[in-house]
Amino acid sequence: MTDTRSALIRRYQDELAARQQQGLWRQSGDNAVAESWRNFAGNDYLGLAQEPRLVKKAQQHLERWGVGATASSVLSGFTAAHQSLCEQLCDWLGYPQAILFNSGFAANQALLFTLLGKDDALFQDKLNHASLIEAGVLSPATQRRFRHNDMAHLRQLLAKQTQPSASLIVSEGVFSMDGDVSPTESLATIANQSGALWALDDAHGIGVLGQEGEGSISRGARPDILIVTFGKALGVAGAAVLASPTIIDYLRQFARHYVYSTAMPPAQAALIEDAIRLARTEHWRREILSAHAEQLTQGLHDWLETDSACEPHALNTQPFPQLLATPSPIKPLIIGDLAALQQVNHALMKAHIRVGAIRPPTVPANTARLRISLSAQHQKTDITALIEALKPVLASDKACGVTA
């Protein structure tokens, strides 16, 4: 059947055309060119993805373990390398057991699909990752979403339950688009008072928060279920869920993403353990991140506060772009208007600087932004180059964030 005769294909074409017209078209970056660019679009917070010692270790692990696990973990795919990684995770993060997944997306979906039944209630922060929100929609449980970090709203939703049911509260440690953190102590209190389980996805907190990079649990509260990923600060790939033996055993028995998926390559598991050792002991990486954040914040805030190129406009909801203050390496520069965002992003690309240009529906309408992601691999000169490239384009009328 040709494209023109297929109703499905016609629908896809119409929706693709609409996305292009709305300025929301996504495309992969030209990574061959980007290798020589300054990259502020990745999540390599600790600079471990290109760490020469890890590259050498990867070669050694491949020589020992080969390139694949060949089977599910419940068959023959779980090796001594996987077991050692689980033990390292438990030692680092203080949980009795851990279970490994091939991605954070798979871990989150396995968690919600497996632990919740049709009579259960799921409470999620509205800014949770798409993997969690989608899993909540598709799970048999009743999903309710509370306003971002609004603990009063969460309490209201919990109080409205009309019949006794098991409940799970899910939030993130560090939110990937805003770079802010969740009120973990309040979440722990609410979970304890309501009898709900509490799960925390710490994909963007692990490695960068805490004395040893232990993430959001360093802030005092410990969730019943902790999800961590290895493809961001740790520079590799994969994920783990940490919890009590009962929860981990339940996932091992019933989580389809675990039972019916080939295990992560053992060489990868061994490499992740090497990356954790560096994250735990090389504190200077987090110190460099803090210095970079201060340099960026000072440079852009000083300029935005003193520059008057963007005068207030009758339609403006903000007089000029806003850099959000965050405790994480994620520094969102809110532009607001899609056309203005494209103008700023184009100027950065001309300067061979890659920054994540984030648009709706990933973020709410009128909050289009540059998601500036800092890395310990960046040099001071990289931060200076970013600031200097941003100044002239942010000063132009096209970048003044006019929104209807």
Side-chain angles (χ1 to χ4, degrees), residues 16 18-31 34 37-45 104-105 108 125-134 145 148-149 172-182 201 203-205 208 229 231-233 292-293 296-297 300 304 317-318 320-375 378 383 386-387 389-390 393-394 398-404:
L16 288 171
R19 172 150 287 195
Q20 285 183 313
Q21 292 169 2
Q22 294 163 2
L24 300 177
W25 188 258
R26 295 185 177 112
Q27 62 185 36
S28 300
D30 187 344
N31 294 321
W37 291 18
R38 290 182 166 95
N39 183 10
F40 291 90
N43 297 315
D44 184 22
Y45 304 128
F105 206 105
N108 283 339
D125 190 294
K126 281 197 170 183
L127 294 192
N128 277 356
H129 190 265
S131 59
L132 290 166
I133 300 302
E134 179 187 71
R145 297 170 67 183
H148 178 51
N149 281 347
E172 298 192 19
V174 174
F175 289 88
S176 60
M177 290 299 114
D178 284 356
D180 58 340
V181 298
S182 60
D201 178 357
H204 294 272
V208 298
T229 62
K232 298 175 175 64
H292 287 342
L296 178 71
T297 301
L300 284 182
L304 290 172
T317 58
Q318 55 188 44
F320 15 66
Q322 297 178 345
L323 181 70
L324 301 186
T326 72
S328 74
I330 302 166
K331 304 297 178 185
L333 181 60
I334 309 298
I335 305 298
D337 181 67
L338 278 175
L341 177 69
Q342 291 172 342
Q343 172 79 7
V344 176
N345 190 46
H346 180 69
L348 290 176
M349 294 182 73
K350 286 180 65 176
H352 287 187
I353 296 174
R354 187 173 296 283
V355 179
I358 311 299
R359 298 157 294 181
T362 304
V363 293
N366 296 327
T367 67
R369 68 195 61 188
L370 292 176
R371 180 188 181 273
I372 300 169
S373 182
L374 301 177
S375 171
H378 290 142
I383 311 300
L386 174 62
I387 294 170
L390 281 170
V393 69
L394 290 178
K398 293 181 180 179
C400 290
V402 176
T403 57

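Predicted model, so just to flag it, every value in this text is computed and none were measured.
- Ring geometry for F175 against H148 counts as perpendicular: the plane angle is over 60°, on a 0 to 90° scale with 30° as the lower cut.
- Side-chain contact check for R38 versus L386: every heavy-atom pair is 4.5 Å or farther apart.
- Under the 3.5 Å distance criterion, the side-chain polar atoms of H378 are left unmatched by any main-chain donor or acceptor of H292.
- For the pair P360 and A365, the tightest heavy-atom approach, listed with the atom from each and the gap, is CG-CA, 3.9 Å.
- Side-chain atoms of T229 and F105, non-hydrogen and from C-beta on, never get closer than 4.5 Å to each other.
- Looking at heavy atoms from C-beta onward, L348 lies out of side-chain contact with R354 at the 4.5 angstrom threshold.
- Distance check: T297 OG1 to I372 CD1 gives 9.0 Å after rounding to the nearest 0.5 Å.
- Between P329 and V174, the closest side-chain pair of non-hydrogen atoms is not below 4.5 Å.
- A distance-only check finds no donor-acceptor pair linking the side chain of R145 to the backbone of I133 [under 3.5 Å].
- The structure places CD1 of I353 at 11.0 Å from CG of N345, a figure rounded to the nearest 0.5 Å.
- By the salt bridge (Lys or Arg N to Asp or Glu O under 4.0 Å) test, D180 is found to be paired with no residue, residues two or more places apart in sequence or in another chain being considered.
- The CG atom of L338 sits 8.0 Å away from atom CG of N366, with the distance rounded to the nearest 0.5 Å.
- The two residues G179 and S328 make their nearest non-hydrogen contact at O-OG, 2.8 Å.
- A donor-acceptor pair is defined here as one N or O able to donate and one able to accept, closer than 3.5 Å; such a pair exists between the side chain of D125 and the backbone of N149.
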Starting from the C-alpha separation in whole Å, work towards a yes-or-no answer on side chain to side chain contact (heavy atoms under 4.5 Å, CB included) for V344 and L390.
CA-CA 7 Å; V344 176; L390 281 170; 3.8 Å; yes
Quick one: do R371 and N43 satisfy side chain to side chain contact (heavy atoms under 4.5 Å, CB included)? Show the steps, please.
CA-CA 11 Å; R371 180 188 181 273; N43 297 315; 3.0 Å; yes
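- Side-chain contact between K331 and L374: present, with at least one pair of heavy atoms (C-beta onward) separated by less than 4.5 Å.
- Nearest approach of I358 to M177, heavy atoms of both residues: CG2-SD, 3.5 Å.
- How far CG of L333 is from CZ of F40: 12.5 Å, rounded to the nearest 0.5 Å.
- Separating the CD1 atom in I330 from the NE2 atom in H204 is a distance of 5.0 Å, to the nearest 0.5 Å.
- Here the CG atom belonging to N108 is positioned 4.0 Å from the CG atom belonging to L132, to the nearest 0.5 angstrom.
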Check step by step if side chain to side chain contact (heavy atoms under 4.5 Å, CB included) holds for D201 and N128.
CA-CA 9 Å; D201 178 357; N128 277 356; over 6 Å; no
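- Contact of the T326 side chain with the P332 side chain is registered, since non-hydrogen atoms from C-beta on lie closer than 4.5 Å.
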